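Okay, structure first, notes after.
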Amino acid sequence: MRESWRWFGPNDPVTIDEIRQTGATDVVSALHGIATGDVWTIDAIREHKALIEDCEVGLTPLIWSVVESIPVHEDIKLARPGHEKYIDNWILSMENLAMCGIKTICYNFMPVIDWTRTDLQHMLPTGAYALRFDQKKFAAFDLYILKRESAEAEYSEAEIIEAKEVYDGMSEAERIQLTNNIIAGLPGKMTDAYGIEDFRDMLASYKDMDSHALRANLFSFLSKVLPRAEASGVKLAIHPDDPPRDMLGLPRIICTADDLDILFEALPSPSNGITLCVGTYSSRPDNNLPVMAKQFGPRIHFSHLRGVSRDPEEQRSFYEASHLDSDIDMIAVVKELLNEESRRATQGSDMLDIYIRPDHGHQMMGDIGKTVNPGYSGIGRMKGLAEVRGVIRALSAM
């Protein structure tokens, strides 16, 4: 497998030289300065590529191998009049990346918000800090801060009472922080941060959108993109919705193995693949990750190797666990990925290696107190990469 590392560009507190020291060989990155819907030009791609790959003689080179992500414009998800121009721009960006040798692209189709957490510094018993999604806090935001129209219909009476208790127990500063955590943007979203009124307006634009309509818009988008991806040798890797369930009245459509079956039955193109985000899928107890890794092996072009621990009583709440100590058997998942690579080698696949990266590491040791991108501090991810690397080496030697 190809060990990779997420880099957010020149402003990332973890530098390219520090990434080199982790032992990773590949970099996962994107052009975060380009507005959603605009074209990624060849010049801009080459400039960013040089920041990653140019190094002094004698230093270990890095390769920009995976894009995460080219954002999909909201007009595409809503199929608004004129959205075709944004599909054309997405395709041109993809083809420009391919011309520069970057042919694995992670993307998602989540409406309005990307990956969502309520707590960015949840203290663990070790003293390190993790990301956390707290369903009760989320309900408090939805019902009593956002005050979303008709939100009460999506919660039980007991949940509404609990949410009110949580809300009443928060200071104004805590309510502002919770709001910012949910709607103001997390690293890698590449979406504009919203104010609360703008956020309400964006949610309202989806009020008549159900999962069938959103899935149809995804399939329409991919029906135009995939032929061009095949022609360019590009592998697309859709990321699951995070958390993988409907929320805020928004439909989400890449959450389970059944969702993936629907996707591949409709669009069997070899360029149509997935990012196996172990942590995201495993935040649902009905997703069996080793089974999914085996079932969708030929479609896995990229994998985020992280895990979560769900609350025993409230299974929708979870925190980002250590990479080998979560609710899923990470060793079994890695074994299935290695088996898939072996299968590809025997069948002459045009893409043998699966790109992997450690994801959402703990903020720990010397990184505590530093300015970091939430979930993307250096030491915690290096710990995760080292653990996963050990598993790979041990399994490969068997």
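Worth saying up front: this structure is predicted, and the values here are computed from it rather than measured.
Alongside I63, the hydrophobic cluster contains no other residue (criterion: ILVMFWY side chains under 4.5 Å). In this structure, Y319 shares a hydrophobic cluster with L124, the cluster being traced through Ile, Leu, Val, Met, Phe, Trp and Tyr side chains under 4.5 angstrom apart.
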Before you tell me yes or no, could you show the steps for T280 and H304 under side-chain hydrogen bond (donor to acceptor under 3.5 Å, both in side chains), namely the whole-Å CA-CA distance, both residues' side-chain angles and the distance that decides it to 0.1 Å? CA-CA 9 Å; T280 299; H304 296 167; over 6 Å; no

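Screening F133, F138, Y281 for a ring pair (Phe, Tyr, Trp, His ring centres under 6.0 Å) with F318, the sole residue that qualifies is F133.
Ion pairing between a basic and an acidic side chain is recognised when a charged N comes within 4.0 Å of a carboxylate O; K136 and E314 show no such pairing. Salt bridge present: D17 and R20 bring a charged side-chain N and a carboxylate O closer than 4.0 Å. A salt bridge is defined here as a Lys NZ or Arg NE, NH1 or NH2 lying under 4.0 Å from an Asp or Glu carboxylate O, and R200 with E197 meets this definition.
Annotation: side chain to side chain donor-acceptor pair (under 3.5 Å) contacts involving residues 245-255, sequence neighbours excluded, comprise Q135-R245. Pairs of residues two or more places apart, or lying in two chains, that qualify as side chain to side chain donor-acceptor pair (under 3.5 Å) and include a residue from residues 202-225 are E74-Y206, R215-D259, S220-K224. Here salt bridge (Lys or Arg N to Asp or Glu O under 4.0 Å) pairs that include residues 283-309, with residues two or more places apart or in two chains, are D242-R306, R284-D286, R306-E320, R306-D359.
When the ring pair (Phe, Tyr, Trp, His ring centres under 6.0 Å) test is applied to H360, the partners found at least two apart in sequence or on another chain are W115, Y376.
D119 contributes no side-chain N or O that, together with a main-chain N or O of D134, makes up a donor-acceptor pair within less than 3.5 Å.
Ring orientation note: the planes of F199 and F141 are tilted relative to one another, at an angle of 30° to 60°.
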